[in-house]
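The structure appears below as structure tokens.
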4 protein chains.
Amino acid sequence: MKSEIVKQSILLFEKKGFSTTSIQDIVDELDVTKGTFYYYYSSKEQLLMDIHEEYITKLLEAQYEIINRSYTSYKDQLIEIIRLIITDIVENGSSARVFFREMRHLSEKHIKIIKEKRKQFRLNIESIVEEGIKHGEIRDDLRPDMISFGIVGITNWSYNWYKTEGEVTPEQLVSIYSKMILTGIEK
Amino acid sequence: MKSEIVKQSILLFEKKGFSTTSIQDIVDELDVTKGTFYYYYSSKEQLLMDIHEEYITKLLEAQYEIINRSYTSYKDQLIEIIRLIITDIVENGSSARVFFREMRHLSEKHIKIIKEKRKQFRLNIESIVEEGIKHGEIRDDLRPDMISFGIVGITNWSYNWYKTEGEVTPEQLVSIYSKMILTGIEK
Amino acid sequence: MKSEIVKQSILLFEKKGFSTTSIQDIVDELDVTKGTFYYYYSSKEQLLMDIHEEYITKLLEAQYEIINRSYTSYKDQLIEIIRLIITDIVENGSSARVFFREMRHLSEKHIKIIKEKRKQFRLNIESIVEEGIKHGEIRDDLRPDMISFGIVGITNWSYNWYKTEGEVTPEQLVSIYSKMILTGIEK
Amino acid sequence: MKSEIVKQSILLFEKKGFSTTSIQDIVDELDVTKGTFYYYYSSKEQLLMDIHEEYITKLLEAQYEIINRSYTSYKDQLIEIIRLIITDIVENGSSARVFFREMRHLSEKHIKIIKEKRKQFRLNIESIVEEGIKHGEIRDDLRPDMISFGIVGITNWSYNWYKTEGEVTPEQLVSIYSKMILTGIEK
DNA sequence: CATGAATGAGCGTTCATTCAT
DNA sequence: TATGAATGAACGCTCATTCAT
């Protein structure tokens with residue numbers, strides 16, 4: 001039941017937004033009563049936190065898994081991370097959209113926790129960029145922090161528009177974005 | 001009065017989110033009563049629509065102004081548009097954040113109107129990219145639509161993190177992002 | 001309207017108790033809606049506080065009025081205060097019962113304020129007793145504080161049982177209690 | 001288990017009040033589940049009734065025990081009853097406070113039963129007073145019923161303020177109150 | 001133009017109670 | 001004996017909106 005609540009909530013939060021979705025909406029969809037919801041979650045905000053925490057934790061784990069593999073180049077490592085973000089958004093679009101849009105509705109305390117982890121995710125990219133610069137793979141005139149913001153921006157933004165039914169496969173998008181970022185669009 | 005309502009609303013919507021901000025919150029800040037609000041706006045949603053419409057209209061106008069100038073290259077034109085987005089987010093951060101985050105709370109009908117204009121903004125970029133490809137300025141293996149998504153993604157994302165008090169000036173950010181997009185980060 | 005809310009609330013709080021009386025109960029009785037209640041009171045607790053504050057303030061004022069009059073003896077002054085308590089309970093029975101029974105439902109902060117005033121009321125009695133002892137009117141072997149507790153106990157308790165329709169008039173009760181306390185029941 | 005439920009409930013009812021204490025609060029304290037509670041008690045109200053019944057029954061029994069002893073005077077008998085009330089409040093403060101404050105939350109039917117027993121307790125005092133009057137020990141100008149109300153008032157009220165850690169021992173309080181009532185405070 | 005009183009629908013949450021196991 | 005999942009009714013409270021003045 002708990003996992004069903006999470007599943008339905010994500011769909012509803014994605015469609016209507018967190019604050020516009022009522023507990024009633026959620027339990028109606030599951031044909032249970034509000035009491036049941038509160039048997040599993042102490043508050044609506046706690047549910048949102050659970051969703052956020054699971055999302056970012058899994059993503060961070062996957063990122064560390066990538067980081068700890070061995071690579072022939074830092075550029076390849078960056079491509080792998082671009083792939084991680086894109087495939088995650090494609091595969092868990094609803095969760096991703098909830099994650100990106102509804103963080104504001106967490107409590108101060110919870111926001112802090114999530115922000116820290118999100119920051120860590122970006123800092124890990126920044127570190128790879130720094131290594132790439134140090135090893136002469138990446139140009140040194142562009143600030144690693146801004147590059148990392150650029151990478152998460154370009155990839156994360158796709159949660160706003162990417163459609164599974166579209167013409168471009170995830171792998172193609174990974175390829176295009178990787179080329180854009182690494183070699184630019186200039187001829 | 002009407003413009004003061006808009007001004008305060010934007011600040012509050014940015015800080016607390018649209019659905020968490022009450023009409024009471026808005027009028028309290030202006031030291032008027034709710035009646036006054038409803039004299040100027042027929043509903044809370046209408047106010048949000050006004051904010052959205054003004055924002056995207058101004059942005060589109062600025063974009064057309066850029067497009068209609070003459071350029072030595074399409075790349076320069078793209079840089080100009082990157083500059084437009086960045087400076088707008090820096091200068092009108094609150095409006096930008098409300099625009100990006102709260103669109104969902106518009107009515108179906110209004111959403112359609114705004115989405116169309118947002119799409120037009122991106123399509124205008126796509127057109128420039130297409131021209132750039134046609135004239136051999138931009139590589140032809142990356143799909144103009146995806147490139148345009150990439151450009152708006154990388155730039156728009158900055159509303160999530162850019163801080164005026166930070167180390168990087170808007171112009172530096174324009175420069176970095178322009179280089180990233182046009183020539184890539186590879187050494 | 002505000003005063004009607006107070007009036008009805010006191011009756012309901014007396015009859016059903018504070019926590020068993022719902023806002024709905026109150027507004028139903030007045031044929032208005034819950035919104036109306038919250039237009040006048042920010043919370044149920046705030047209403048209870050208003051009731052408490054008005055009650056104890058008026059009582060204290062009446063007590064000071066008595067204290068500041070001139071008397072032929074301290075005993076007469078004590079009788080006057082016994083009269084004050086008894087007549088107050090008889091005349092404002094509902095308020096008195098709410099005051100004595102529901103204080104616990106105030107917030108910590110509010111409880112402190114009310115407790116202080118209640119204590120002051122008793123201390124004022126203690127002071128009279130002390131003066132009475134000092135001037136040889138009252139025996140000195142019984143502790144003024146305990147005497148004051150005795151006086152408020154014997155009189156306040158009547159909120160638990162006194163009925164206007166009973167055989168004993170308030171004035172008779174004042175007389176009986178004054179005699180009991182001042183001269184004892186021993187023959 | 002049943003007695004542990006009673007014990008904990010009394011403490012919680014005293015601290016938070018009956019209607020503010022939830023079954024969950026009670027069972028949490030005992031590290032069992034709500035099912036357990038309902039195995040022993042059919043309802044929350046039934047538990048309250050049990051507490052009330054046990055309290056007043058024991059008190060009445062103790063009172064009869066006093067009444068059935070032989071005394072040299074009716075005044076001594078009254079003192080013994082004052083002692084009973086005071087020591088009971090001191091020793092079973094929590095139960096006493098619950099008894100005095102929460103009766104209102106019993107059902108109509110149960111209230112009637114308890115009220116009857118409480119009345120009996122007072123009537124027994126009234127009878128002693130009457131006998132005292134008849135035998136010339138107690139003055140006959142003060143109504144035995146009012147005197148009995150005075151006695152229970154002055155003594156019962158101590159549940160509102162008496163603190164075990166205070167300066168006055170129970171026995172001292174008994175002495176003071178006995179003197180106040182029997183011989184008055186006049187010099 | 002603006003106010004202030006009032007509405008009514010809905011929300012998040014609590015909780016006594018039930019019941020199959 | 002005891003649990004744990006679920007119910008359903010109610011509660012305190014919020015808020016966009018209306019409207020007579």
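In what follows, chains carry the letters A, B, and so on, assigned in the order in which the sequence lines appear, proteins first and then strands, with residues in each chain numbered from 1. As a basis for the values below, the full set of heavy atoms in this structure was taken, side chains included, without hydrogen atoms, waters or symmetry mates.
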Are more than 12 heavy atoms from other residues, nucleotides or ligands located less than 6.0 Å from atom [atom1] of [X]?
{"X": "Q24(D)", "atom1": "CD", "answer": "yes"}
{"X": "E54(A)", "atom1": "CD", "answer": "no"}
{"X": "K16(D)", "atom1": "NZ", "answer": "yes"}

- [ ] For a side-chain hydrogen bond (donor to acceptor under 3.5 Å, both in side chains) with Y55(A), tell me which candidate from D88(A), D50(A), N92(A) qualifies.
- [x]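 Per the side-chain hydrogen bond (donor to acceptor under 3.5 Å, both in side chains) rule, the option paired with Y55(A) is D88(A), out of D88(A), D50(A), N92(A).
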
- [ ] Establish whether the base of dT14(F) is bridged to the side chain of K34(C) by a donor-acceptor pair shorter than 3.5 Å.
- [x]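 For K34(C), whose side chain was compared with the base of dT14(F), there is no donor-acceptor pair (under 3.5 Å).
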
Task: Any donor-acceptor N/O pair under 3.5 Å between dT13(E) base and K44(A) side chain - done: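 Answer is no: no donor-acceptor pair is held.
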
Task: Along DNA chain E (nearest heavy atom to each residue), the more 5'-positioned of F37(B) and F37(D) - done: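 Taking each residue's closest nucleotide, the earlier one in sequence belongs to F37(B).
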
Open item on the list: Nearest heavy atom decides the nucleotide; on that basis, is F18(A) or Q24(D) closer to the 5' end of DNA chain E?
Closed with: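 First, find each residue's nearest nucleotide; the 5'-ward one identifies F18(A).
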
Name the nucleic acid region contacted by [X], choosing base, sugar-phosphate or nothing; use a 4.0 angstrom heavy-atom cut-off, strictly under.
{"X": "T36(C)", "result": "base"}
{"X": "Y40(C)", "result": "sugar-phosphate"}
{"X": "T33(A)", "result": "base"}
{"X": "T21(A)", "result": "sugar-phosphate"}

Using atom [atom1] of [X] as one end and atom [atom2] of [N] as the other, report the distance to the nearest whole Å.
{"X": "Q46(C)", "N": "dT14(F)", "atom1": "CD", "atom2": "C1'", "answer": "17 Å"}
{"X": "I26(C)", "N": "dC13(F)", "atom1": "CD1", "atom2": "P", "answer": "11 Å"}
{"X": "E45(A)", "N": "dC11(E)", "atom1": "CD", "atom2": "C1'", "answer": "16 Å"}

Task: Among dA16(F), dT13(E), dT3(F), the one nearest S22(B) by side-chain distance - done: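 Given the options dA16(F), dT13(E), dT3(F), the side chain of S22(B) is closest to dA16(F).
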
TODO: Could you work out which one of dA2(F), dT18(E), dT13(E) sits closest to the side chain of Y38(A)?
DONE: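 The answer is dT13(E).
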
TODO: Tell me which of V32(D) and G35(C) sits closer to the 5' end of DNA chain F, going by the nucleotide each one is nearest to.
DONE: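 Nearest-nucleotide comparison on DNA chain F picks V32(D).
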
Open item on the list: On a heavy-atom basis, which atom in F18(A) and which in R104(B) lie closest, and how many Å separate them?
Closed with: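 Nearest pair, atom of F18(A) first, then R104(B): N-NH1, 4.4 Å.
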
Task: Strand DNA chain E as a dot-bracket string - pairs counted if Watson-Crick or G-U with both distances under 3.5 Å, | where the partner lies in another strand - done: .||||||||||||||||||||

Open item on the list: Would K2(D) and Y41(D) count as a cation-pi pair here, with the cationic atom under 6.0 angstrom from the ring centre and within 45° of the axis?
Closed with: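 Yes, K2(D) and Y41(D) form such a contact.
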
Task: Separation of F100(B) CZ from F100(A) CZ (nearest 0.5 Å) - done: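 Going from CZ on F100(A) over to CZ on F100(B), the span is 15.0 Å.
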
